[in-house]
Amino acid sequence: MSTQLISERVAAGHRSLRARAVGALGPLTMLGGVAWAFLQPYRITLLHPRGQGFWWLLVEPPLLAIAVGVVFALFVAPGVIEDLEAEEH
Amino acid sequence: MEPPAEHVHWLFATGFLLLGLCLLARAIVGEGVWSRRPWRAYLWPALLFALGVLMWPVMVFYTNSTIHMIAHGAWAQTMMLAGAAELGLVRGKLHQTAWRLAMPLALAASGVALLIHEQNGWLFARAAFLHHALGWTALVGAIFPLVGAFRRRSAVWSSGFALTLVVISVLLYSDRDVAPIFGHLSPLAGEPHR
């Protein structure tokens, strides 16, 4: 195992509760969207696309919730965690 | 080529969900850390202002009665006011604490508009139920930014505000065309769709 990987794991292990909470917001939102898709599969029109109009194929609530989680996890959370850790150390 | 009304609700729900997540992260890390990167400090007020701007075409193209139109206009104006006030505070152009009251005012006014413009009872149809639920959520939720305006460092009030927006997004996602609610659907509401 490389020393870089070990140091990253050690750093992750020391991550504060607040950093973990911010890091969890995106994945939890994605998980909520996936759970919703399983509970109400009829709201995913991509699963039954025949005869559906443009908007029914574009705007699918569980997928939108997953997309919000992805956007937050990729573009917002990493910077917030970085700044939080910089302040804590 | 206009999207159906329920799709518009779902798109706004997406905006409110992102807004709620940003505010929740801000509540967790504190305003100081959140505002370390200038773009991030502007993110949620700009998103709120944009949602207000986008409410105008909804008012123009989707309302079918005067009271409905006035309600949508009120939401557009109050969201723009709250977003602009927060942008002014972040930029340093506004200094008075009173500007922080724009957000609770927006939530309270939106809640009242929702409750007044819904003419039917809770169990008339799903849309009526959601109007009542959204109205009371916004009205009661206004307490969080109201107290938070004076207790800026309290994570409780800022988290409560963020979660209020998440609940609003869940309620907006629950909107459907004519649909029953808890097994109830008034025959006056029309034939259920989907």
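Per chain, numbering begins at 1; letters A, B, ... match sequence-line order. Just so it is clear, the model here is predicted, and its values are computed rather than measured.
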Q. Can you say whether B:W10 sits under 4.5 Å from chain A via the side chain, the backbone, both, or neither, judging by heavy atoms?
A. both

Q) Do other residues, nucleotides or ligands put more than 12 heavy atoms under 6.0 Å from the CZ atom of B:R91? A) no

Q.
Just so I know, are the side chains of A:L25 and B:I28 near enough to count as touching, which here means a heavy-atom distance under 4.5 Å?
A. yes

Q. Should we say atom CZ of A:F38 is surrounded by more than 12 heavy atoms from elsewhere, each under 6.0 Å from it?
A. no

**Q.** Neighbour count >12 (heavy atoms, 6.0 Å) for atom CH2, B:W99
**A.** no

Q: Starting at CG of B:L18, measure out to CG of A:L64 and round the result to the nearest 0.5 Å.
A: 11.5 Å

**Q.** Heavy-atom check, side chain of A:D83 versus side chain of B:R40, under 4.5 Å
**A.** yes

Q.
Grouping I, L, V, M, F, W and Y whenever their side-chain heavy atoms are under 4.5 Å apart, do B:L89 and B:L87 come out in a common cluster?
A. no

Q | Other residues, nucleotides, ligands: >12 heavy atoms within 6.0 Å of B:E2 CD | A | yes

Q | Flag side-chain contact, heavy atom, 4.5 Å: B:R36 against A:E82 | A | no

Q) Do the side chains of B:L171 and B:I143 join up, straight or via other hydrophobic residues, at under 4.5 Å, putting them in one cluster? A) yes

Q: Examine A:I81 and B:W39 and state if one hydrophobic cluster contains both, with Ile, Leu, Val, Met, Phe, Trp and Tyr joined whenever side-chain heavy atoms are less than 4.5 Å apart.
A: yes

Q.
So which residue, B:A13, B:A25, B:P3, ends up with the most heavy-atom pairs under 4.5 Å with chain A?
A. B:P3

Q: Using a 4.5 Å cut-off on heavy atoms from C-beta on, say whether the side chain of A:V76 contacts that of B:W34.
A: yes

Q: Find the distance between CG (B:L43) and CZ (A:F75) and round it off to the nearest 0.5 Å.
A: 12.5 Å

Q) Same hydrophobic cluster for A:M30 and A:L63, using side-chain heavy-atom links shorter than 4.5 Å among ILVMFWY? A) yes

Q: Kindly give the heavy-atom pair with the smallest separation between A:A65 and B:Y173, and that separation in Å.
A: N-OH, 3.7 Å

Q) Quick one: does B:H7's side chain get under 4.5 Å of A:W56's, heavy atoms only? A) yes

Q. Can you name the nearest heavy-atom pair linking A:E87 to B:V33, along with the distance?
A. OE2-CG2, 3.4 Å

